[in-house]
Amino acid sequence: MPEFDTNTAPEREAVNRYNPAEIEPKWQAMWDADPELYRAEGHDSGKPKFYCLEMLPYPSGQLHMGHVRNYAIGDALARFMWMRGYNVLHPMGWDAFGLPAENAALKNNTPPRQWTLSNIEAMRKQMRRMGLSYDWAGTEIATCLPEYYRWNQYIFLKMVEKGLAYRKSSKVNWCPKCCTVLANEQVINGYCWRHEDTLVEQRELEQWFLRITNYADELLDGLDTLPGWPEKVRTMQRNWIGRSQGTLVDFAVNEAGSEGSPQTEQGRAGAGKITVFTTRVDTIFGATSVQLAPEHPLVKQWAQTDSGLADAVATMIAEQQAAREAGDIGGIEKHGIATSKHAINPFTGQTVPIWVANYILADYGTGAIMSVPGHDERDFEFAGKYGLPIKRVVAPNVDTDDFPLPYTGEEEAVLVDSGEWTGEAALEAQDKMAHFAEEHGFGKKTTTFRLKDWGVSRQRYWGTPIPMVYCQNGHEGVAPGGVVALPESALPVLLPESIEITQEGGSPLGRVPDFVNTTCPVCGGPARRETDTMDTFVDSSWYFYRYTDAKNSTAPFDSDKANYWFPIDQYIGGVEHAILHLIYSRFWTRVMRDLGMIKNSEPAQRLFTQGMVIKDGAKMSKSKGNVVSPDDMIARYGADATRMYALFAAPPDRDLEWQEEGVAGVSRFLARVYRLTTKFAHIVRSVEEGVHGDEIAPSAFAGQTPAGQALLRSLHQTIAKITEDFSGRWHFNTCIAAIMILVNEISTAERGIENGDVSPATVAEVFRTLVLLLAPFAPFVSAELWEQLGGKGVLFRQRWPAADAELGRESELEIPVQINGKLVTVIKVPADSEEEAIKTSALGDEKVVARLAGKTVVKVIMVKGKLVNLVVR
RNA sequence: GCCCGGGUGGUGAAAUGGCAGACACAGCGGACUUAAAAUCCGCAGACCCGAAAGGGUCGUGCCGGUUCGAGUCCGGCCCCGGGCACCA
């Protein structure tokens, strides 16, 4: 095709070559110079609002491909919503406190603040290089700056006031590598979430806790109001909260009593009681022992006078510790220690033995259970091992004795051998028996949760100081050394800058006398500051509210602004935060609601969790040596191609295998777009644009040449496809495929356009629209082409093109013809054909005729515009 | 063990119950070039028949079902990834 030669002539080539290394810095400089470009408007903008949020990164100093993917998704959406006429808030900030800064300080002797701020600098530069549409000037925050963390302290004080923050001594998770306490959520299978090879130890320490359990019910029920969240995340949170309704029942401890002999009142008055938690109080007539966790307080008490028991329990705990170290706590065999004590079942009056068992969890329920081997698999296994009696009390019906053990009961199950409840339906009996226990003072209904209060104290330096002091001499109402909250006027409690980071244990702040020594705000006497800092998850629990009013110096944010923007319309991030960050945020939002700061209960209406970026089948990691650097990709192919590949290679919720050849392919595609668009830009420029800011006026279909008609048809099909995918299922890969198909069509029509076979108006419509469609995915080259086409105004403020169904309609349809569901041929019919005509045409097709020889057509299935199926005998 | 995902060409993937493999990557053939790169055009699920044009059979993890018609819906399995894991 010699006509194409013009493109390879040297002078043409120079004009038409796609060079992202030139285009991208040019546009970046223009965008960086305009802080208003992506500035969200106020609540009086008259447009519907759209809050598009991506999870804020930790400033490690380097963007990784997971970030690139996350931000490419968010940016495409934000740009699309802008073009759809929304008032978009698209903020960015830094989750800037945390241990890596201290580690870096140890290693390089750089102060954590300096290290963090220079990392932020570097990453902000990378993000700007990617062309992300953040409102930097209006929203950027860094959680390590006092302008931000003072509001952590402020809200913490409000929580102290409300009794939502409190101090208690308890067993806590301690990571010997981090030298700090971890929240339950930060312990993974007994290991530290940051150190996969480091076992978490248990230590008894005084700590600050946030009463997240106050909101346990609400956090659970609220999940039902979030249909825009992935089911997976909701399930994970449900399991984490772990609500279960059951009954507490007191078993009196009978020191002297012997097994099996009915005793009642005197027994109950004996040596204390054991409260057990059960969800199946209806099976209590089948309880044949009581089991205690090895850490149960009564066990400790008894062990003081029973060295045999003490030794056995110590061995049991050591074994569990060892199993945990081997990462095999689940595989440990059930075993128990018989004590000499007995307990009295308050329903039957019977005495049952008390055991200590390794499968009883100390920190769930009451750390004690009634063991019902007839109706619980674990108890069954245990009873089998030690020859404890197995008694069944729930059956499919009263007369049967033919069912497997343990029999866990069905809805229609009835009680047998259960005293006055015999014959009752099991489910109803649960309720009645709980009431009975309550009336008689030995039990009550209760709800327990797996969720524990959130321990927020960290024995680290690089975090928010907890704004509390300990008054050394004490004063009225406060004992010497007692805790005193600072007044709001004392905020912020600044983190001291000059500090030597060492590897010693304990809180680093404790080694800074200027920080520690202070005065009591109430009595003026000497006081010591709290030297622990807050968990960094506090910072990220409410940062998205701060974005709505990031510069406010008198309050965390203005309530009106927050109420206008919230809830977040779309939150996008990795599924690894499904429990930690996303449950803390939901808790914190409710706390702020109850403090009157905001109205809504849920921070995010819709949540999207993107898949991982993998390479050679595995998650990218330094240790595997399969990391692909975004900088490299951008340097080689440009930001547009890198971003667009991240969206093109897989749907966003699936894992994405990074293949550099694919990035090169996208880059080639952009080069084709660039070549074609610039080649015909002079035609486009010669056609007056539609009214600025309005949709491009579609060219009329009539009077077009076939080439023009084909282009218009393809164009409007593409608009429809992309608009639909953006609003619905977010399959950006098929959006981009649709643009590629359109560009292939334009390529096919290239000669026709050159020869004037396509009207200038149509050429203009096609190229202007192509650039608009490309804008959310490849903003740099789109902006460049928009300019070269003579487009007026900022590309990202143009109206998103509207699909014209009429123009997109095919004139001729290809209808597959099947016989008994098997494809025989494809016929072409005019798009406006009547069903009867299509049928006639199908039956007349020569292949069909050949196949029908000697057969009878029983039925003809016609699917409008789709297919014909002949049912034949 | 339980709860989510997923299993389709050499690869990433596409397909409201209606032509399986769009769009790409890698590959192969061709044009251009002294040559290479780049670019452009074309081929491409497997197997069988045919010199070719073309034709046929099979094919979406396995087995069964519903349906005129199943990658898609239903039942029962298998495998891979992720989460939870003695929660009484």
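All values reported here derive from a predicted model rather than from experimental measurement.
A heavy-atom distance below 4.5 Å is not found between the side chains of A:Leu870 and A:Lys839.
Checking B:A88, B:A13, B:U11 against the side-chain heavy atoms of A:Ile360 singles out B:A88 as nearest. Comparing B:A22, B:A24, B:A15 against the side chain of A:Arg672 picks out B:A24 as the nearest. Checking B:U39, B:C68, B:A88 against the side-chain heavy atoms of A:Phe277 singles out B:A88 as nearest.
A straight line from CG of A:Leu870 to P of B:U67 spans 20 Å, rounded to a whole angstrom.
For B:C68, the base has no donor-acceptor partner in the side chain of A:Lys859 [N/O atoms by modelled type, under 3.5 angstrom].
Across all strands, A:Asp379 comes closer than 4.0 Å to no nucleic acid atom at all (heavy-atom distances).
Across the interface with RNA chain B, nearest-nucleotide mapping of A:Ala738 and A:Thr448 shows A:Ala738 to be the residue nearer the 5′ end. Nearest-nucleotide positions on RNA chain B for A:Ile369 and A:Leu656 put A:Leu656 closer to the 5' end.
When both pairing distances are held under 3.5 Å, B:C62 makes a Watson-Crick or G-U pair with B:G76. Nucleotide B:G81 forms a pair with B:C4, judged by Watson-Crick or G-U wobble geometry with both contacts under 3.5 Å.
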Give me the distances for all protein-to-nucleotides 17-20 of chain B N/O pairs that come in under 3.5 Å?
residue	atom	partner	partner atom	Å
B:G18	N2	A:Gln818	OE1	3.3
B:G18	N2	A:Asn869	ND2	3.4

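Remark: the A:Asn239 side chain and the A:Arg450 side chain contain no N/O donor-acceptor pair separated by less than 3.5 Å.
When the P atom is used for both B:C41 and B:C47, the distance is 29 Å, rounded to whole Å.
With respect to A:Arg675 and A:Glu750, a salt bridge is recorded, a charged nitrogen being found less than 4.0 Å from a carboxylate O.
Stacking of A:Lys334 on the aromatic ring of A:Tyr359 is recorded, both the 6.0 Å distance cut-off and the 45° axial limit being met.
Heavy-atom neighbours of A:Lys385 NZ from other residues, nucleotides or ligands within 6.0 Å: above the threshold of 12.
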